[in-house]
Amino acid sequence: MSTTPQGPGRELHLRVGTAQRERALEVIRNAAADERITFDELEGRVPRALGAVTRADLVSVLEDLAPAAEVDAIVGLDAPIGEGPGFTWDDPLVLEGKGWRQLTVSGDWVTPPFIEVHSSIGGVLLDFTLATAPAKVIDLVLVVNDWGTTTIVVPEGWGVDTQATQAEASYIETRGVRTRPQHGKPRIIVRGRTSGQVKVKLSDERDALKAQRFVEKGRPGMPELPRA
């Protein structure tokens, strides 16, 4: 017998769209990051959220993860947080490094909730110092081969969770960045694999100046990104 609450105004028979599914995924990933569900449960719930057809389908996935009022807001959500690569689970923003050159992403860019990074020897710099994050949870997948170093720079208050990252022959170093963000700030969940180092650090004045200069120079070598 279903225990799904029949709250007023839910109209659980109505069909859901991409915006509701993506918001539900954010809640599920947040629950895994907070250790309210295991990563095995995360992998089990994600396909259910992605395959949801009606509001009832989403409520059944979320009802033990959020208060009823919040679930109501999610299943009734109509406006997407953005469009284009990176704003849906099946169409992530793919960033690719080439050869020995470092893949640099910096400046005043909009950080979508789904990002994949592919690189090798050249290393990766992901600088979120001046970034805008419309979603509270950012799913960052690393596919970094050989010995490239991945450096992630975040502003004060952001959280970075590297528990699901496989550093095959090296190590992960976090400097002053907590797993859980301050209230209202974004959390980056880093997963995937790398043979090189992963360094996570708080941005300082020097990083802010570098990011600003990078913008002033026209973002040389940077891939096309969402912008504010």
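Predicted model only: the values in this text are computed from it and were never measured.
Counting heavy atoms from C-beta on, the side chains of Val200 and Trp158 never come closer than 4.5 Å. Side-chain contact between Leu25 and Val46 is present, with heavy atoms from C-beta onward closer than 4.5 Å. The closest side-chain heavy-atom distance from Val144 to Val198 is not below 4.5 Å. Side-chain contact between Glu216 and Gln212: present, with at least one pair of heavy atoms (C-beta onward) separated by less than 4.5 Å. You'll find the side chain of Glu156 reaches within 4.5 Å of the side chain of Leu202, heavy atoms only. Counting only heavy atoms from C-beta outward, the side chains of Ile188 and Ile115 never approach each other to under 4.5 Å. Side-chain contact check for Thr54 versus His13: every heavy-atom pair is 4.5 Å or farther apart. A 4.5 Å side-chain heavy-atom check between Leu140 and Leu126 finds at least one atom pair inside the cut-off.
The main-chain N or O of Ala164 is never found under 3.5 Å from a side-chain atom of Arg191 such that the two would form a donor-acceptor pair. At least one donor-acceptor pair closer than 3.5 Å links the side chain of Lys136 to the backbone N or O of Gly184. Arg45 places a side-chain N or O within donor-acceptor distance of the main-chain N or O of Val61, the cut-off being under 3.5 Å.
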Test Thr129 against Asp204 for side chain to side chain contact (heavy atoms under 4.5 Å, CB included), laying out the working first. CA-CA 9 Å; Thr129 301; Asp204 53 26; over 6 Å; no

Stepwise side chain to side chain donor-acceptor pair (under 3.5 Å) check, Thr38 with Asp40: CA-CA 5 Å; Thr38 66; Asp40 286 340; 5.0 Å; no

For the pair Arg15 and Gln20, evaluate side chain to side chain contact (heavy atoms under 4.5 Å, CB included) and give the outcome as yes or no after the intermediate values. CA-CA 10 Å; Arg15 290 179 175 253; Gln20 289 100 327; over 6 Å; no

Val16 and Arg21: side chain to side chain contact (heavy atoms under 4.5 Å, CB included), yes or no, with the steps? CA-CA 7 Å; Val16 294; Arg21 296 187 191 99; 4.2 Å; yes

Set out, in order, the CA-CA distance, both residues' side-chain angles and the distance that settles side chain to side chain contact (heavy atoms under 4.5 Å, CB included) for Gln102 and Leu125, then state yes or no. CA-CA 7 Å; Gln102 177 178 269; Leu125 170 62; 3.7 Å; yes

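Residue Thr111 comes nearest to Ala131 through the heavy atom pair OG1-CB, 3.4 Å, listed as atom of the first residue, atom of the second, then distance. The two residues Pro186 and Ala133 make their nearest non-hydrogen contact at CG-CB, 3.6 Å. In terms of heavy-atom proximity, Pro113 sits nearest to Ala135 at CB-CB, 3.8 Å. Looking at every heavy atom in both residues, Pro47 comes nearest to Gly44 through CD-O, 3.4 Å. Taking each heavy atom of Pro92 and Glu116 in turn, the nearest pair found is CG-OE2, 3.8 Å. Here the closest heavy-atom approach between residue Pro112 and residue Gly86 is recorded as CB-O, 3.2 Å.
Atom-to-atom distance recorded for Arg187:CZ and Arg178:CZ is 12.5 Å, nearest 0.5 angstrom. Here Asp127 contributes atom CG and Thr104 contributes atom OG1; the two are 9.0 Å apart, rounded to the nearest 0.5 Å. Once rounded to the nearest 0.5 Å, the distance linking CD1 of Ile74 with CD of Glu26 reads 8.5 Å. Between the NZ atom of Lys210 and the CG atom of Leu130 there is a distance of 13.5 Å, given to the nearest 0.5 Å. Separating the OG1 atom in Thr151 from the CD atom in Gln197 is a distance of 8.5 Å, to the nearest 0.5 Å. Expressed to the nearest 0.5 Å, how far OG of Ser119 lies from CZ of Arg101 amounts to 12.0 Å.
Grouping the Ile, Leu, Val, Met, Phe, Trp and Tyr side chains by contacts below 4.5 angstrom, directly or via other members, places Val27 apart from Ile189. Linking Ile, Leu, Val, Met, Phe, Trp and Tyr whenever their side-chain heavy atoms come within less than 4.5 Å puts Ile172 and Val124 in one cluster. Connection of Phe39 to Ile37 is established within a shared hydrophobic cluster, with ILVMFWY side chains joined at heavy-atom distances below 4.5 Å, either directly or through further cluster members. Linking ILVMFWY residues whenever their side-chain heavy atoms come closer than 4.5 Å, directly or via other members, leaves Leu142 and Val137 in distinct clusters. A chain of hydrophobic side-chain contacts below 4.5 Å, direct or via other Ile, Leu, Val, Met, Phe, Trp or Tyr residues, connects Leu50 to Leu58.
The local environment of NZ in Lys185 is sparse, with at most 12 non-hydrogen atoms from other residues, nucleotides or ligands closer than 6.0 Å.
Considering Val153, Val154, Asp207 in turn, Val154 is the only one that fulfils the side chain to side chain contact (heavy atoms under 4.5 Å, CB included) rule with Phe128.
Asp108 and Arg219 are joined by a salt bridge, as a carboxylate oxygen and a charged side-chain nitrogen come within less than 4.0 angstrom of each other. Contact check on Asp34 versus Arg36 returns a salt bridge, with a Lys/Arg side-chain nitrogen under 4.0 Å from an Asp/Glu carboxylate oxygen.
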